[in-house]
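Scroll down for the structure; my scribbles are underneath it.
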Protein chains: 2
Amino acid sequence: MEYLSKDEIPALLREAELRPTRQRMALAGLLFCGPHRHVTAEELHREAADHGHSISLATVYNTLNQFSEVGLLREVVADGSRTFYDTNLSDHHHFYAAKRGKLIDIPAGDLRIEGMPALPEGMKVAGIDVIVRLEE
Amino acid sequence: MEYLSKDEIPALLREAELRPTRQRMALAGLLFCGPHRHVTAEELHREAADHGHSISLATVYNTLNQFSEVGLLREVVADGSRTFYDTNLSDHHHFYAAKRGKLIDIPAGDLRIEGMPALPEGMKVAGIDVIVRLEE
DNA sequence: ATGCCTGCAAAATATTTGCATGTAA
DNA sequence: TTACATGCAAATATTTTGCAGGCAT
């Protein structure tokens with residue numbers, strides 16, 4: 001399976017109706033041109049800096065939120081104190097090793113939810129998050 | 001089924017090796033002498049004030065954390081930006097109506113998890129959180 | 001009396017926003 | 001050119017911490 005190449009990034013952004021600006025290109029390159037990953041804003045900001053992209057942390061936050069809004073990323077709430085962004089959009093769940101602050105994918109289909117009860121009047125399911133918390 | 005009465009609170013705290021101080025008594029009374037509930041620190045702080053208990057927000061936070069550490073409460077991470085504390089300690093899951101910021105219990109047993117994959121080397125399961133996100 | 005608790009304010013963290021400037025189309 | 005994006009700093013929101021004084025035992 002091939003990873004996305006850098007020159008496919010502009011199209012990816014355009015399809016999402018986001019202008020392919022320098023910063024978005026750089027961050028999208030880091031996020032999408034390789035295997036799936038989980039990042040925090042802080043991590044991605046540092047990584048961008050390491051690659052010579054000077055992008056402010058606020059812009060990293062804004063960009064991650066935009067990418068989430070248009071469905072390029074999925075937010076994962078595992079820790080209350082930090083937000084993770086997952087490049088894997090398929091229907092899957094997560095292990096969370098709190099001590100290491102690391103998320104690990106549980107492949108789609110491995111974990112199934114059975115016995116969904118009736119929903120409150122007039123509501124529908126927007127998503128199901130399963131976090132399996134791990135300890136040593 | 002009877003709810004806990006106020007005069008059982010000191011024993012509850014003592015069993016948890018927490019001194020029954022005025023503030024802990026007041027907060028425990030609000031939390032445990034009635035049906036199960038989900039609260040945020042902010043909500044509990046306001047509620048205490050409404051009942052004439054002037055307890056600082058910092059103390060509410062500290063107390064909720066202590067109660068969680070000794071197993072009187074369970075923390076529920078639903079929203080990333082707020083921590084909920086649940087008085088229902090049984091093995092159950094939650095609906096989360098993001099728009100209303102409200103958690104709703106899914107009774108234990110209603111929802112089952114099937115097909116847990118192998119865990120990473122040397123780790124064990126500390127807990128499983130399922131959040132079913134709802135929208136209108 | 002002793003040591004754990006609390007209140008307050010200040011610090012720490014994580015994230016968002018306002019606005020002047022920069023840049024893609 | 002023109003609207004949208006960015007950088008920066010400041011604002012916001014939430015939670016934690018330090019320390020002087022208070023209270024349970």
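Since the model is a prediction, treat every value here as computed from it, not as a measurement.
Remark: B:Lys99 does not engage B:Glu135 in a salt bridge, criterion side-chain N to carboxylate O under 4.0 Å. A:Arg112 and A:Glu114 are joined by a salt bridge, as a carboxylate oxygen and a charged side-chain nitrogen come within less than 4.0 angstrom of each other. A salt bridge links B:Glu47 to B:Arg37: one of the charged nitrogens lies within less than 4.0 Å of a carboxylate oxygen.
Residue contacts shown for A:Thr83 are limited to sugar-phosphate atoms, with no base heavy atom under 4.0 Å away.
In terms of phosphate contacts, A:Thr40 brings no side-chain nitrogen or oxygen within less than 4.0 Å of OP1 or OP2 of C:dA14. At D:dG7, none of the side-chain N or O atoms of A:Ser54 fall inside 4.0 Å of OP1 or OP2 (strictly under the cut-off). A:Arg14 has a side-chain polar atom (N or O) that falls below the 4.0 Å cut-off from OP1 or OP2 of C:dA25. Within the 4.0 Å cut-off from OP1 or OP2 of C:dT16, at least one side-chain nitrogen or oxygen of A:Asn65 is found.
Atom pair B:Arg46:CZ and D:dT14:P shows a separation of 12 Å (rounding to whole Å applied). Atoms CG (A:Asn62) and P (C:dA14) sit 17 Å apart, rounded to a whole Å. Rounded to an integer number of Å, the gap from B:Phe67 CZ to C:dT6 P is 9 Å. When rounded to the nearest whole Å, the span between CD of B:Glu17 and P of C:dC5 equals 11 Å. Atom pair B:Arg82:CZ and C:dT16:P shows a separation of 14 Å (rounding to whole Å applied). The CZ-C1' distance, from A:Arg24 to C:dT23, rounds to 12 Å in whole Å. For the pair A:Gln66 CD and D:dT6 C1', the computed distance is 10 Å after rounding to whole Å. Across the protein-nucleic acid pair, A:Ile55 atom CD1 and C:dT23 atom C1' stand 15 Å apart, rounded to whole Å.
Minimum atom distance to the side chain of A:Thr59 is reached by D:dG7, of the listed C:dC4, D:dC4, D:dG7. Checking C:dC5, D:dA5, C:dT16 against every side-chain atom of A:Tyr61, the shortest atom distance belongs to C:dT16. Nearest to the side-chain atoms of A:Arg19 among the listed nucleotides C:dA14, C:dA24, C:dA9 stands C:dA24. In this structure, the nucleotide among C:dC5, C:dT15, C:dA25 sitting nearest to the side chain of A:Leu57 is C:dT15.
Using cut-offs of 30° and 60° for the angle between ring planes, the A:His94 and A:His92 rings count as perpendicular.
When each of B:Ala58 and B:Arg22 is assigned the nucleotide of DNA chain C bearing its nearest heavy atom, the one mapping closer to the 5' terminus is B:Arg22. Heavy-atom nearest nucleotides on DNA chain D were determined for A:Gln23 and for B:Ala41, and the one closer to the 5' end corresponds to A:Gln23.
Between B:His38 and B:His36, the ring centre distance reaches or exceeds 6.0 Å.
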